[in-house]
Amino acid sequence: MNGRAGANEARAVGALARADGWGTLANRWAAVANEFAKMRHLRMGVVASVMVIIVVGLSVGSAATSPAFAEAAGRSWEALLAGMSLAVPLASPLLLAVMASRQVDIEHQGNGWLLSQTSGLTPGGLCRIKLLAVGIVVAAATVLESVLLLGAGLLLGVPDPVPAGLWAGYTASVSVANLVVLALHILLSARLDNQLVGLGIGVLGTIVAVFATALPPAAAHVTPWGYYALAAAAGYEGERLVAMTPAYGSIAALGVVAAAFFLFITGRSGWKEG
C-alpha cells in the first residue's frame, strides 16, 4: 500500500509540474542555465553591448551639443537625462526585438519546443524562462547605460550635484518599459515562425516611441512603446530644456498588467499553436 501511495504521489507531483509548465525547480534552474548558454552561442552580449554603446553615445552627443549643457544655471544633468530620454527610445525597441527573435527562433529551427516538454517545460514555461534569462541581460544593460552616462557627466566635469533620486527613478522606469517590450516580442517571436514580422513591429515601435513625446499623455498610454515618453526625466519644448517627472504610477501599472498578461498567456494550454 505504501509503495502504491508513493507512486501515486510521484505521479501527482509530475502532473502538477507539467500543468504548471515550469517543470521541477531543478529543471527550471537548468533551463535558465541553458538559456544563458544559448545566449553565448547567439552572441547576445554583442547585441546588448551595441544597445549600451548607442544609448550612451547618443546621450552624450545630444547633451554636448545642447546650449543648456554649458549654462551656469545647473542644467547639465538635465541635458544628459534629456539625451538619454531620447536615445533609449531610438535604440531599445528594435534591438530588444532582435534579442527576443534570436533567443526564440532557435527553438523554431531546432524543434526546441518539443524537446523542452520532455523535461516538463511547456512552450509557455520555456517563454517564461527566456524572459527571465534575457530580462536579466536587458536590465543589466539598462542600468549600465545609466551608470556610464553618470560617469561621463562626472568625467566631463559637471559641477552640479547629481539628481540621484530622479536619475534612479528614470533608470527604474525605463527598465520596466524595456522588460515589457521584451516580453511582448518574446510572445510574438514564439507565436510567429516568420521572425521578420516581429522585427517589423520593432521598427514601428521605434517610430511610436520617438514620436510619443509629442503625443498627449493619454495617447502615450495606448502602446507599450509610448511609456518611454512617460518615463522621460527631461526633454525639450522647442529649444527650451525642461525637467520632467516620470509617470511612476502609470509605469508601475504597466509592469503589473504586463506581468499578469504574460503569465496568463503563457499559462494557457496550446496558446502557441493558436
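The residues of the chain are indexed from 1 along the displayed sequence.
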Q: Any chance you could measure H41, atom NE2, to R43, atom CZ, to the nearest 0.5 Å?
A: 9.0 Å
Q: Kindly give the heavy-atom pair with the smallest separation between P93 and V88, and that separation in Å.
A: CD-O, 3.6 Å
Q: Answer yes or no: is there a side-chain heavy-atom contact under 4.5 Å between I54 and L95?
A: yes
Q: If two hydrophobic side chains count as joined below 4.5 Å and joins carry through other members, does M51 share a cluster with V180?
A: no
Q: Are L254 and L179 in one and the same hydrophobic cluster, where Ile, Leu, Val, Met, Phe, Trp and Tyr link if side-chain heavy atoms are under 4.5 Å apart?
A: no
Q: Roughly how far apart are L182 CG and S189 OG, rounded to 0.5 Å?
A: 9.5 Å
Q: Under the side-chain contact (heavy atoms from CB on, under 4.5 Å) test, which residues partner V52, sequence neighbours left out?
A: V56, A141, L144, E145, L148
Q: Considering all heavy atoms of both residues, which atom of A63 and which atom of L80 are nearest to each other, and what is their separation?
A: CB-CD2, 3.5 Å
Q: Rest of the hydrophobic cluster containing V256 (Ile/Leu/Val/Met/Phe/Trp/Tyr, side-chain heavy atoms under 4.5 Å)?
A: none
Q: Once side-chain contact (heavy atoms from CB on, under 4.5 Å) is applied, do any residues pair with I53, and if so which ones, sequence neighbours excluded?
A: none
Q: Following the transitive rule for hydrophobic clusters with a side-chain heavy-atom cut-off under 4.5 Å over Ile, Leu, Val, Met, Phe, Trp and Tyr, establish whether M84 and L156 coincide in one cluster.
A: yes
Q: Write out all pairs satisfying ring-ring contact (aromatic ring centres under 6.0 Å, His included) with one or both partners inside residues 114-136, taking only residues at least two apart or from two chains.
A: none
Q: So, for V176 and G255, which heavy atoms are closest and what is the spacing to 0.1 Å?
A: CG1-CA, 4.0 Å
Q: I'd like to check the side-chain contact (heavy atoms from CB on, under 4.5 Å) partners of Y248; sequence neighbours left out, ordered by chain and number.
A: L166, S173, T245, P246
Q: Other members of the hydrophobic cluster containing Y236, with the 4.5 Å side-chain heavy-atom rule, please.
A: L241
Q: Between M39 and V50, is there shared hydrophobic-cluster membership here, with clusters defined by ILVMFWY side-chain heavy atoms closer than 4.5 Å?
A: yes
Q: Flag the pair V197 / L188 as yes when at least one side-chain heavy-atom distance between them is below 4.5 Å, and no otherwise.
A: no
Q: When the side chains of residues 198-205 are checked against the rest of the protein, which donor-acceptor pairs come out under 3.5 Å, sequence neighbours left out?
A:
none

Q: What is the minimum heavy-atom distance between T266 and C127, and which atoms define it?
A: CG2-CB, 4.1 Å
Q: Would you say L86 and L58 make side-chain contact, with heavy atoms under 4.5 Å?
A: no
Q: So which pairs with a foot in residues 151-204 pass ring-ring contact (aromatic ring centres under 6.0 Å, His included), sequence neighbours left out?
A: W77-W167
Q: Identify the two heavy atoms, one from A31 and one from L121, that lie closest to each other, and give their separation to 0.1 Å.
A: CB-CD1, 3.5 Å
Q: Quick check on side chain to side chain contact (heavy atoms under 4.5 Å, CB included): which of L155, D160, L154, V162 does V158 satisfy it with?
A: D160
Q: Give a yes or no on whether the backbone of S62 and the side-chain of T65 come within a donor-acceptor separation of less than 3.5 Å.
A: yes
Q: Could you tell me which non-hydrogen atom of D193 sits nearest to which non-hydrogen atom of D105, and how far apart they are?
A: O-OD1, 4.3 Å
Q: About how many Å separate CG of L90 and OG of S85, when rounded to the nearest 0.5 Å?
A: 11.5 Å
Q: Report the hydrophobic cluster partners of V143, with the cluster defined as I, L, V, M, F, W, Y residues connected by side-chain heavy atoms closer than 4.5 angstrom, directly or transitively.
A: V147
Q: What's the separation between atom CZ in R128 and atom CD1 in I186, rounded to the nearest 0.5 Å?
A: 12.5 Å
Q: Tell me whether V242 shares a hydrophobic cluster with L81, the cluster being built from Ile, Leu, Val, Met, Phe, Trp, Tyr side chains joined at under 4.5 Å.
A: no
Q: Got more than 12 heavy atoms from elsewhere within 6.0 Å of CZ, F261?
A: no
Q: List the atom pairs, with distances to 0.1 Å, where a side-chain N or O of residues 214-232 and a protein N or O form a donor-acceptor pair under 3.5 Å, not counting sequence neighbours.
A:
residue	atom	partner	partner atom	Å
H221	ND1	P217	O	2.6
H221	NE2	S250	OG	2.8
T223	OG1	G226	N	3.2
Y227	OH	H221	O	3.4
Y228	OH	N178	OD1	2.6

Q: Check residues 96-103 and write down every donor-acceptor pair under 3.5 Å in which the side-chain atom is one partner and the other belongs to a residue at least two apart or another chain.
A:
residue	atom	partner	partner atom	Å
S101	OG	Q195	OE1	3.0
R102	NE	L42	O	3.3
R102	NH2	L42	O	2.4
Q103	NE2	E35	O	3.2
Q103	NE2	E35	OE1	2.8

Q: Just grab all the salt bridge (charged side-chain N to carboxylate O under 4.0 Å, His left out) pairs involving residues 106-122, residues at least two apart or on different chains.
A: K38-E107, E107-K130
